[in-house]
Protein chains: 2
Amino acid sequence: MKKKLSINDIAKSLNVSKTTISFILNGKAQEMRIGEELVDRVLKYVNEVGFKPNSIAQSLRTGKSNTIGLMVEDISNPFFAKIARLIEDRAYQNGYKIIYCSTNNDTKKTKDLITMFRERHVDGYIIAPPEGIEEDIESLLKDNLPVVFFDRHLPKVITDYVEINNRFSTYNATSHLIGEGKKNIAFITFTSPQTQMQDRLKGYKNAMKESGLEPLVKEIVFNQNEDLIIKPITDFLTKHPDLDAVLFGTDHIGSCGLKVIKEMGIQIPSQLAIISFDDYDVFKLHSPPVTAIAQPIEKIAESVINVLLNKLNTPLLNQQPQFITLSTSLNIRGSSKS
Amino acid sequence: MKKKLSINDIAKSLNVSKTTISFILNGKAQEMRIGEELVDRVLKYVNEVGFKPNSIAQSLRTGKSNTIGLMVEDISNPFFAKIARLIEDRAYQNGYKIIYCSTNNDTKKTKDLITMFRERHVDGYIIAPPEGIEEDIESLLKDNLPVVFFDRHLPKVITDYVEINNRFSTYNATSHLIGEGKKNIAFITFTSPQTQMQDRLKGYKNAMKESGLEPLVKEIVFNQNEDLIIKPITDFLTKHPDLDAVLFGTDHIGSCGLKVIKEMGIQIPSQLAIISFDDYDVFKLHSPPVTAIAQPIEKIAESVINVLLNKLNTPLLNQQPQFITLSTSLNIRGSSKS
DNA sequence: ATGAAAGCGCTAACAT
DNA sequence: ATGTTAGCGCTTTCAT
């Protein structure tokens with residue numbers, strides 16, 4: 001087994017000081033006026049023996065870890081999985097690694113995870129924040145650690161975020177249903193104080209009120225166990241046979257809703273028109289295909305990582321935080337036509 | 001801004017040697033026969049001021065990073081996303097962090113990523129390996145770094161792996177179609193030398209041959225761009241109007257196949273019976289619901305992390321590698337009945 | 001232009 | 001039972 005090389009080994013083999021090696025490796029040869037010939041010789045040798053500086057030692061010395069902490073709600077949710085994938089790609093391209101984790105929307109778990117990330121000295125944080133972690137974030141910001149929120153933000157915390165226009169999205173979707181002649185339109189969503197969910201709720205209510213219709217909201221407690229989502233939806237639909245349309249607040253609720261509707265034998269769209277937030281294969285392939293609010297996933301990921309890299313690269317400039325709001329598109333399909 | 005505390009600060013404040021602190025913090029107080037009263041005092045103070053040892057320094061010193069490298073094919077694929085989620089949970093429970101990345105089945109990218117993981121001194125590797133990285137893995141193993149494969153393995157590399165019984169799964173699914181009276185059964189899959197895909201192919205062929213039927217295989221080049229999967233499927237189905245059943249090799253091909261079938265207006269199952277590998281909402285909710293081969297995702301994740309933690313905890317015992325093969329279930333639904 | 005040396009924070013062998 | 005000290009591998013200041 002070959003021993004791992006250190007910068008000292010290189011220095012000895014080449015009869016050069018390790019300082020010089022370090023400078024050359026870090027591109028400071030010019031600055032330090034190191035002979036071009038030496039630079040070549042070192043680079044050639046380093047390459048030959050495949051020496052890589054020990055990044056842990058580098059981290060200890062410089063205080064940078066070249067790591068970004070990514071906290072999503074649930075990595076197995078397609079929305080977050082896709083975002084994570086795109087962020088990962090761009091981060092690696094820029095020499096950053098990603099450490100990720102799922103918060104499960106659990107405040108305590110999230111606090112623990114922030115502590116762990118902190119111990120690991122991650123250079124920057126990308127977070128889809130659950131409620132109740134304001135202090136922890138403030139503490140990060142106080143120590144000059146860059147934090148970018150996405151999907152939602154914490155109203156009391158001033159830091160960069162990337163979101164979509166939730167309020168308009170549900171307003172628009174609801175209006176579409178109203179335009180199709182629907183009157184008894186329910187909104188089924190998760191119970192959540194988070195900004196994105198609150199905004200979706202507001203958009204729905206606004207559209208209903210503007211048209212003089214009575215809002216009917218069913219809130220479901222967030223749970224990993226699908227049965228605990230399906231049950232309340234079933235109860236709700238059973239209790240309100242007079243509904244002519246339903247707007248689902250998230251993709252997860254949407255697909256659970258479809259299961260219930262299938263189970264109950266309700267016809268879409270003749271008996272019930274349907275729209276879901278988020279747009280995935282399950283909606284596109286459904287019969288009839290389901291009208292859905294599509295988030296611009298690539299743009300979200302792109303914006304998030306750009307904002308963070310930007311902050312990482314210019315740490316001294318205490319720039320104004322950026323608040324980015326992106327647009328969704330309403331993909332109208334068979335499930336919402338009358 | 002409060003300065004980060006170090007073990008030295010603690011030692012000074014308490015008028016105790018930092019060795020003692022270190023021993024106490026690492027649970028070696030008993031072993032070192034340190035006074036119980038002192039232990040309490042130290043623990044209390046450490047807790048009070050919120051001191052956490054710098055894990056980077058720990059890593060540098062001990063050579064352990066408490067990090068597991070997880071390399072999946074594509075984190076935005078639900079199969080891998082769910083596995084990742086479960087592995088993440090168990091890893092965090094055991095004090096390990098996960099650094100993950102998507103290989104995209106790209107040999108070169110994977111080699112680079114292994115190098116990166118290595119530089120980061122990850123303690124163990126969980127990999128869904130693409131072909132062509134045999135040497136890199138051998139090199140890891142030579143240096144005593146634990147590697148666990150899942151979803152597939154590399155025949156030339158002897159290390160632990162967790163898989164499903166692919167051959168039987170497709171054999172069984174094909175047999176089911178044959179039992180339903182189908183004769184012209186095609187298998188649409190990705191072109192891949194990987195063991196899981198080869199085994200799926202073999203299972204299909206075996207079933208066909210045993211029944212004296214002619215296998216018809218359409219191989220599609222793996223691509224991120226969905227259009228490049230849909231196009232060849234469309235061409236294939238157009239060219240073979242006499243087919244009465246199709247078995248799809250993966251969930252991704254399966255959902256693309258459904259799109260094609262929908263587009264072409266083919267009736268399931270009257271004109272064409274369908275079975276897909278992997279079982280997700282998109283298949284369950286389809287009309288008619290799609291017969292699917294379900295992988296035991298929880299068991300896979302559980303086995304993988306158990307095998308790895310086991311190796312991590314008993315590094316000296318150069319145990320026999322474990323080869324775990326789990327069973328799938330064939331969930332028969334409307335799409336495959338005659 | 002190059003080298004010596006300090007030190008990032010921690011662990012553990014060794015000394016007492 | 002507790003303290004002293006030598007590094008882990010690297011960067012960077014300061015001296016030459």
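Taking the charged nitrogens against the carboxylate oxygens, B:Glu119 and A:Lys97 have no contact shorter than 4.0 Å, which rules out a salt bridge.
Between C:dT2 and A:Thr20, no contact under 4.0 Å exists linking OP1 or OP2 to a side-chain N or O. Phosphate contact (OP1/OP2 of D:dC10, side-chain N/O of A:Asn8, threshold under 4.0 Å): absent. Contact check, A:Ser22 against D:dT11: a side-chain N or O comes under 4.0 Å of OP1 or OP2. OP1 or OP2 of D:dG9 has not a single side-chain nitrogen or oxygen of A:Gln58 nearer than 4.0 Å.
Whole-Å rounding puts the B:Asp9 CG to C:dG9 P distance at 8 Å. The nearest whole Å value for the distance from the NZ atom in A:Lys64 to the C1' atom in D:dT12 is 17 Å. Computed from coordinates, the A:Arg33 CZ to D:dT16 C1' distance equals 15 Å when rounded to whole Å. Atom CE in A:Met32 sits about 14 Å away from atom C1' in D:dA15, given to the nearest Å. Residue A:Ile24 contributes atom CD1, which lies 15 Å from atom C1' of D:dT12 at whole-angstrom precision. The distance from atom NZ of A:Lys18 to atom P of C:dA6 is 11 Å, rounded to the nearest whole Å. For A:Leu38 and C:dT2, the CG to P distance is 5 Å, given to the nearest whole Å. Atom NZ of A:Lys28 is separated from atom P of D:dC10 by 15 Å (rounded to the nearest Å).
Within 6.0 Å of the NZ atom in A:Lys299, the count of heavy atoms belonging to other residues, nucleotides or ligands does not exceed 12. For A:Glu36, the CD atom counts as loosely surrounded, since its 6.0 Å shell holds 12 or fewer non-hydrogen atoms of other residues, nucleotides or ligands.
One N or O donor and one acceptor, one from the side chain of B:Thr19 and one from the base of C:dA12, sit under 3.5 Å apart.
Under the 3.5 Å distance criterion, the side-chain polar atoms of B:Lys109 are matched with a main-chain donor or acceptor of B:Ser102.
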